[in-house]
Every structure is written in structure tokens, then in C-alpha cells.
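Nothing fancy with the numbering, it's 1 onward along the sequence. The structure displayed is predicted, hence computed values, not measured ones.
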Amino acid sequence: MKDFANKIAVVTGGGTGMGRGLVLQLVKEGCHVATCDVLMDNLDETLSLARELNTDSKVTSHLCDVGVEDDIKRFAQEVREQHETDHINLLFNNAGIGGGGGFVNGPRDQWERTFAVCWYGVYWSAREFMPMLVASDEGHMINTSSVNGFWASLGSGISHTAYSAAKFAVKGFSESLITDLRLNAPHVKVSVVMPGHIGTSIAINSARILGQDWEGGMGEAQLEQIKKNWIDRGLPVHNFTPDQIRERLLEGRNQFRDNAPTTADQAATIILNGVREDRWRILVGDDAHRLDEAVREAPEEAYEDGFTQRRQLLGSIAQESD
């Protein structure tokens, strides 16, 4: 699919980050877009920006929690009605949240919420929109996994189970669809996207969704658990008050967004170029490529302490050679 003009695209998680970048770049190229998010203030801003770019493209916004199957069913019906169509050409299963780090000691509700959004949101969306992709003359499903879909870690000392498990599922599902589509719907393609560190608001938005933002009133018990985890990892926060813990969390979330090596807009461009080139595997960011190389070279070492140091060395070598 070399040209997106007059195509119909569905983008989940279009309120911020890569989702917003995809919406805006698609609209700029003359694509009609239906996008959804669970945070309507973010989505309203995306809609406003899209309409400023191109008044000829039809853009609709929809409140949808992709972690709830009935929401996705309603979203798909709204797309059919508002775009007056029985088909779509592009499905970007992009929505995701972080959280659910610990399986052994972490809260089960947070784990299952993260897994539901990051895995079942992709699965349910694929189920609901697949007939509309098949009904098109050419279609493409693009599922966002992560580097944590091939490396289930953030480094030693940090549990990262729900997100990683979900992203592994997305990767496996997408790869399994390659043959399925070739056999049963050869005009429909599939790609799996594996971003590295991208400058998005996922950490901030995840906190809002999981009730862990400042306004959400994160309880002192949660804050004490976070403080304990930090102390166990050797951070000098023994004398921090609850407000200081909150401030440090907010600072870290902002730094994740602002100090990333790849911006959300750059990521969106890489993804769309991957679709044009009909690539089923799209790594996003130099850090994603380096991590992929490191895991493939030493898979048995991937979860040992020395692996993180090896990654850092690879990054330093790459920067010196640039």
C-alpha cells in the first residue's frame, strides 16, 4: 500500500504519542481516519489538530477502552455508521499502557488491567475489524508490540511482567497471521511494530488510567510500596515524604517523554514507511535495533546483570561510529 489517500484507517490510542502522530500524518496524506482513546481530553486535541491539517479528510473520534471488549464492538459499529462503510484499509492496534510490573507480589488487578489493554485490546480489535479489512481491495493490520516483546525486562532489579507478557503475545499473534492471511486473505497484510524508547506520554497516561496520578489520589500504602522498591534497588530515598515520592514519579514520567532518542512523530513516520515497504517486522529507533542485535547474539545472557552493561557498551560504540 504505497498511497494512503482516500483510504480508511482505524487508529487505537490516538490521543497522544505515536497514535496521534499516525493520525496526523495519515490525515495530511488524505486518509480518512477513525481514532479512539480512553482519555477524551487528549483525543479532542488530536481531532482539532487533524482538522486543521486537512478539512477534506473525514476524521472521527471515539471514546473507547480497548481493555473492554464491548467498547471495541461499539467503536467498530460507530466506524461503520459514521464513515458509512463496510470496509477499512488500515488498522493500527496502537493503544497500550504500562504497569503490572510484579507477578509474584504485585496487585493482581493492575496486572490484569495492563494485560487486557496491551494484549486483549489488540486481539479484540483484530477480531472486530478483520471482516472490514477482508472486505477491502487492499488492507493492512499493524500491531504495536515493543522491544519488550522480545526482551521481557527493563534491566535487572525491575519486574516487568504484565507489559512484557502482553507484548510477547502481540508479536506471536502478528507473526502467526502472516501465513493465515496468505492462505485466506492474501490482499491483507500484517506488520508487528517493536518500538524502543519513544518520546510518548505512555507513563503519564498509564498513571491516569491506573489511578496513580497526582489527582487520582494514589494512596499512601502504594507510595510506601514504591518507596520500598526504590530502597531495595539502592536508591537513597529513605527520608522521602509521600509528596516527594509523587514528585519523583512525575519527574520520571516527564523525563521518559522528553528525553527519548526517538520522537513520537519520527516513530509514526518509520511505521508508515514500513507499511509502504510491506515489511512485516518494523523496529523503531536505533536503540531497538541494538537491543534486537544484543538479544539475538546472546539469548542465554539476556536476563543476567552483565547484559545491561553490554547493551550500554553497544550504545556507546554506535554513538562513536555515527
Would a 4.5 Å heavy-atom cut-off, applied to side chains only, mark [X] and [Y] as touching?
X    : Y    : answer
N93  : M141 : yes
L283 : F150 : yes
F75  : F129 : yes

Between the side chain of [X] and the main-chain N/O of [Y], is any donor-acceptor distance below 3.5 Å?
X    : Y    : answer
T262 : I198 : no
S136 : N89  : no
R20  : G15  : yes
H187 : D137 : no

Is it true that [X] and [Y] make a salt bridge, defined as a side-chain N closer than 4.0 Å to a carboxylate O?
X    : Y    : result
E29  : K7   : no
E138 : K2   : no
R290 : D287 : no

Neighbour count above 12 (heavy atom, 6.0 Å) for [X] [atom1]:
X    : atom1 : value
N184 : CG    : yes
E277 : CD    : yes
Y123 : OH    : no
R276 : CZ    : yes

Could you tell me which non-hydrogen atom of [X] sits nearest to which non-hydrogen atom of [Y], and how far apart they are?
X    : Y    : value
A162 : G99  : CB-O, 3.9 Å
S61  : L47  : OG-CD2, 3.5 Å
T144 : N94  : OG1-CA, 3.6 Å
S174 : S191 : OG-O, 4.4 Å

If Ile, Leu, Val, Met, Phe, Trp and Tyr residues are connected whenever their side-chain heavy atoms lie under 4.5 Å apart, and connections chain through other members, are [X] and [Y] in the same group?
X    : Y    : answer
I88  : V134 : yes
L291 : M194 : yes
V188 : L177 : yes
V192 : V295 : yes
M40  : I97  : no

Kindly indicate, with the supporting measurements, whether the criterion salt bridge (charged side-chain N to carboxylate O under 4.0 Å, His left out) is fulfilled by R74 and D70. CA-CA 6 Å; R74 175 177 49 77; D70 284 346; over 6 Å; no
Classify the ring geometry of Y303 against W151: parallel below 30°, tilted from 30° to 60°, perpendicular beyond 60°. parallel
Would you call the rings of W111 and F115 parallel, tilted or perpendicular, where under 30° means parallel and over 60° means perpendicular? parallel
Carefully, step by step, assess K73 and W124 under the rule side chain to side chain contact (heavy atoms under 4.5 Å, CB included). CA-CA 8 Å; K73 289 180 178 291; W124 288 326; over 6 Å; no
Positive for side-chain contact (heavy atoms from CB on, under 4.5 Å) with F92, one of N143, V33, L26, V193: L26
Are R113 and Q110 linked by a side-chain donor-acceptor pair shorter than 3.5 Å? no
Applying side chain to side chain contact (heavy atoms under 4.5 Å, CB included) to S145 and K167, what does each step give before you reach the verdict? CA-CA 5 Å; S145 178; K167 294 303 184 179; 3.7 Å; yes
